[in-house]
Protein chains: 2
Amino acid sequence: MENRILIVDDDVNICDLLEIYLEKEGYKVYKANSGVDALKIFKERQLDLIVLDVMMPGLDGYETLKEIRKTSAIPVVMLTAKGETFDRVLGLELGADDYIVKPFEPKELVARIRAVLRRYKPQVQKKSLEYKDLIIDADSFIVIYKGQEMELPPKEFELLYFLASNPNKVFTRDQLLYEVWGYDYPGDSRTVDVHIKRIREKLPEHDEWQIKTVWGVGYKFEVKS
Amino acid sequence: MENRILIVDDDVNICDLLEIYLEKEGYKVYKANSGVDALKIFKERQLDLIVLDVMMPGLDGYETLKEIRKTSAIPVVMLTAKGETFDRVLGLELGADDYIVKPFEPKELVARIRAVLRRYKPQVQKKSLEYKDLIIDADSFIVIYKGQEMELPPKEFELLYFLASNPNKVFTRDQLLYEVWGYDYPGDSRTVDVHIKRIREKLPEHDEWQIKTVWGVGYKFEVKS
DNA sequence: CCATTTTTGAACAAAATTTTAACTGATTAT
DNA sequence: ATAATCAGTTAAAATTTTGTTCAAAAATGG
């Protein structure tokens with residue numbers, strides 16, 4: 001489901017800029033130009049993350065954050081002016097999840113927001129998958145293959161989980177790096193292959209399913225029907 | 001298939017630099033040194049993304065973008081000299097998809113382009129095609145002929161998929177090279193014929209459809225009605 | 001902080017596909 | 001009928017993509 005983000009900054013231009021970028025990323029955006037407005041929206045709406053400017057007239061970012069933290073553990077990314085190391089420490093101690101120094105690249109902010117959301121979201125929704133002789137349990141991070149429990153390292157587990165969540169659909173290495181690793185950069189490396197190899201080692205080919213190489217394209221979790 | 005990118009900048013050096021980087025990433029690159037040239041190429045060619053400099057003599061980046069947006073939602077990344085937040089908002093409100101400040105790191109530009117393309121490509125979801133005794137499934141990259149699953153190599157698959165997506169329409173070899181391979185092909189070759197032959201071998205002629213040679217012109221995926 | 005495990009990225013060999021080029025066969029126009 | 005094109009076939013060369021290994025970097029757990 002679409003993530004909802006509240007942007008709080010007294011500079012309307014910054015709010016607008018971020019709104020455009022975040023909406024392009026598929027987020028639902030709310031805006032507030034003061035701490036007071038922010039708290040109002042925060043109480044009224046169901047939000048997933050707040051971007052909070054530190055320096056604002058009236059209720060500043062710290063006070064607003066302190067107020068929010070009285071009732072909620074919602075992820076908060078702080079915007080701070082350059083050079084104020086103290087700000088960062090204070091912000092993080094008050095429970096900010098990340099901070100970004102102005103002037104910032106919108107792209108960077110978007111990436112950080114995505115990273116913070118990644119840290120928080122997964123706990124909520126993942127369920128376990130079942131195929132013949134294979135159970136992938138997302139709660140316990142455990143795989144049961146032919147009745148035998150095994151622990152996979154996190155990346156291997158997530159890769160397997162992602163592929164098995166989308167059976168019979170091919171993903172390119174780039175897509176997998178993006179979806180599983182969260183990367184946004186171009187890399188030609190065999191990283192994905194190496195992980196695939198290890199998963200295959202641990203879960204030898206099966207009649208009913210297998211991780212299949214689609215030559216020239218990528219990999220898929222193929223299930224016989 | 002290879003993504004096609006148009007670079008628009010009056011500075012030839014920048015065009016050349018970007019061309020080198022983007023080609024290394026596997027993109028097909030076109031270049032234009034003015035807004036007018038850009039619009040001409042945009043009308044002639046099938047493109048996937050445009051990198052557009054803001055400051056150009058004659059038709060500037062904003063005007064060019066406005067022109068493009070009258071007919072197309074193609075992803076556009078704007079290039080600008082170090083500037084103000086307001087510029088960004090303007091560009092983005094005109095429908096730019098991202099914004100990069102000069103001087104930039106080529107790596108960063110490449111990363112942004114990839115990110116923008118990733119956002120847009122999935123929407124153009126390839127769907128699977130169905131004819132009598134023939135299913136071409138673009139998700140799993142599989143062809144099912146008379147109930148039997150087969151895997152085609154990538155070029156064969158894409159060629160078949162393209163032809164079958166446009167039944168009863170004839171394409172010249174050049175068009176196919178352009179559409180499937182992404183080439184502006186230097187001269188004449190039997191490449192297409194060889195691939196057609198291999199597809200025909202794997203999918204023997206059928207009553208309801210066939211890949212037909214149109215003598216002196218090219219090929220078509222013919223469907224009986 | 002150290003020891004151990006996991007992840008990463010480069011190198012390279014192996015496998016599969018794609019392209020080329022030369023040749024053969026088919027069709028058309030004169 | 002014959003020349004001139006155009007299409008089909010073939011096999012080997014060239015290219016691309018994948019699998020595997022390994023050492024170093026990063027993360028993890030005491």
Side-chain angles (χ1 to χ4, degrees), chain A residues 115 118-119 141 143 150-163 170-205 210-220 222, chain B residues 1-2 23-28 107 141 143 150-163 170-205 210-220 222:
Chain A
R118 282 172 74 85
R119 288 210 296 270
F141 254 67
V143 171
M150 18 180 45
E151 273 175 61
L152 302 196
K155 281 285 182 287
E156 286 172 38
F157 184 89
E158 284 169 49
L159 179 56
L160 173 65
Y161 185 86
F162 179 75
L163 287 169
V170 184
F171 296 93
T172 65
R173 289 171 179 70
D174 277 356
Q175 286 174 319
L176 293 172
L177 282 170
Y178 183 72
E179 295 289 347
V180 177
W181 276 258
Y183 286 3
D184 210 0
Y185 64 76
D188 90 298
S189 90
R190 303 265 120 257
T191 299
V192 174
D193 304 43
V194 171
H195 283 83
I196 294 282
K197 170 194 182 323
R198 298 208 181 106
I199 296 172
R200 283 173 171 163
E201 255 165 31
K202 288 168 188 162
L203 307 177
E205 202 171 292
Q210 68 180 117
I211 296 179
K212 193 152 190 177
T213 304
V214 179
W215 215 92
V217 186
Y219 297 98
K220 68 177 168 184
E222 189 179 73
Chain B
M1 198 231 334
E2 194 171 38
E23 283 189 340
K24 210 184 290 176
E25 283 298 315
Y27 298 115
K28 168 76 185 162
K107 278 246 177 183
F141 253 75
V143 172
M150 16 182 47
E151 284 167 57
L152 303 197
K155 281 282 185 290
E156 286 171 39
F157 185 89
E158 283 169 49
L159 178 56
L160 173 64
Y161 186 86
F162 178 76
L163 288 169
V170 185
F171 296 94
T172 66
R173 291 172 177 70
D174 278 354
Q175 284 175 318
L176 293 172
L177 282 170
Y178 184 73
E179 293 292 345
V180 177
W181 276 257
Y183 293 179
D184 278 320
Y185 209 68
D188 146 275
S189 104
R190 301 268 119 247
T191 299
V192 175
D193 304 42
V194 172
H195 282 84
I196 293 283
K197 171 196 187 311
R198 297 205 183 111
I199 295 171
R200 284 173 170 162
E201 254 166 33
K202 288 168 187 161
L203 307 178
E205 203 170 292
Q210 66 179 120
I211 296 179
K212 191 155 193 175
T213 304
V214 180
W215 220 88
V217 186
Y219 298 99
K220 69 175 168 184
E222 190 178 73

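Predicted, not measured: the structure shown is a model, and the values here were computed from it. So you know, we letter chains A, B, ... as the sequences are listed, proteins then strands, and number each from 1.
- Taking only side-chain nitrogens and oxygens, A/His195 comes nearer than 4.0 Å to OP1 or OP2 of C/dT8.
- To the nearest 0.5 angstrom, A/Glu158 atom CD is 12.0 Å from A/Leu163 atom CG.
- Checking the phosphate oxygens (OP1, OP2) of C/dT20, a side-chain nitrogen or oxygen of B/Thr191 falls inside 4.0 Å.
- Residues passing the ring pair (Phe, Tyr, Trp, His ring centres under 6.0 Å) test with B/Tyr219: none are found, sequence neighbours excluded.
- Atom-to-atom, CD1 of B/Ile211 to P of D/dA7 comes out at 15 Å; the value is rounded to the nearest Å.
- Under the side-chain contact (heavy atoms from CB on, under 4.5 Å) criterion, A/Glu151 pairs with A/Ile142, not counting sequence neighbours.
- The interatomic distance linking B/Leu152 (CG) with D/dT17 (C1') rounds to 17 Å, in whole Å.
- Atom NZ of B/Lys155 and atom C1' of D/dT15 are 11 Å apart (whole Å).
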Short heteroatom pairs, N/O only, protein and nucleotides 18-23 of chain D, under 3.5 Å:
from	atom 1	to	atom 2	distance (Å)
D/dT18	OP1	A/Arg173	NH1	3.4
D/dT18	OP1	A/Gly216	N	3.0
D/dT18	OP2	A/Arg173	NH1	2.9
D/dT18	OP2	A/Arg173	NH2	3.4
D/dT18	O5'	A/Arg173	NH2	3.4
D/dG19	OP1	A/Arg200	NH1	3.2
D/dG19	OP1	A/Thr213	OG1	2.8
D/dG19	OP2	A/Tyr219	OH	2.6

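- Here D/dT16 presents its P atom at 15 Å from CD of B/Glu158, a figure rounded to the nearest Å.
- The interatomic distance linking B/Glu156 (CD) with C/dT19 (P) rounds to 11 Å, in whole Å.
- Atom CG of B/Leu160 and atom P of C/dT17 are 16 Å apart (whole Å).
- The shortest side-chain heavy-atom distance between A/Trp181 and A/His195 falls under the 4.5 Å cut-off.
- B/Lys212 NZ: 12 or fewer foreign heavy atoms inside a 6.0 Å radius.
- At least one side-chain heavy atom of B/Ile211 sits under 4.5 Å from a side-chain heavy atom of B/Leu160.
- In this model, the phosphate group of C/dT8 is approached by a side-chain N or O of A/Trp181 to a distance below 4.0 Å at OP1 or OP2.
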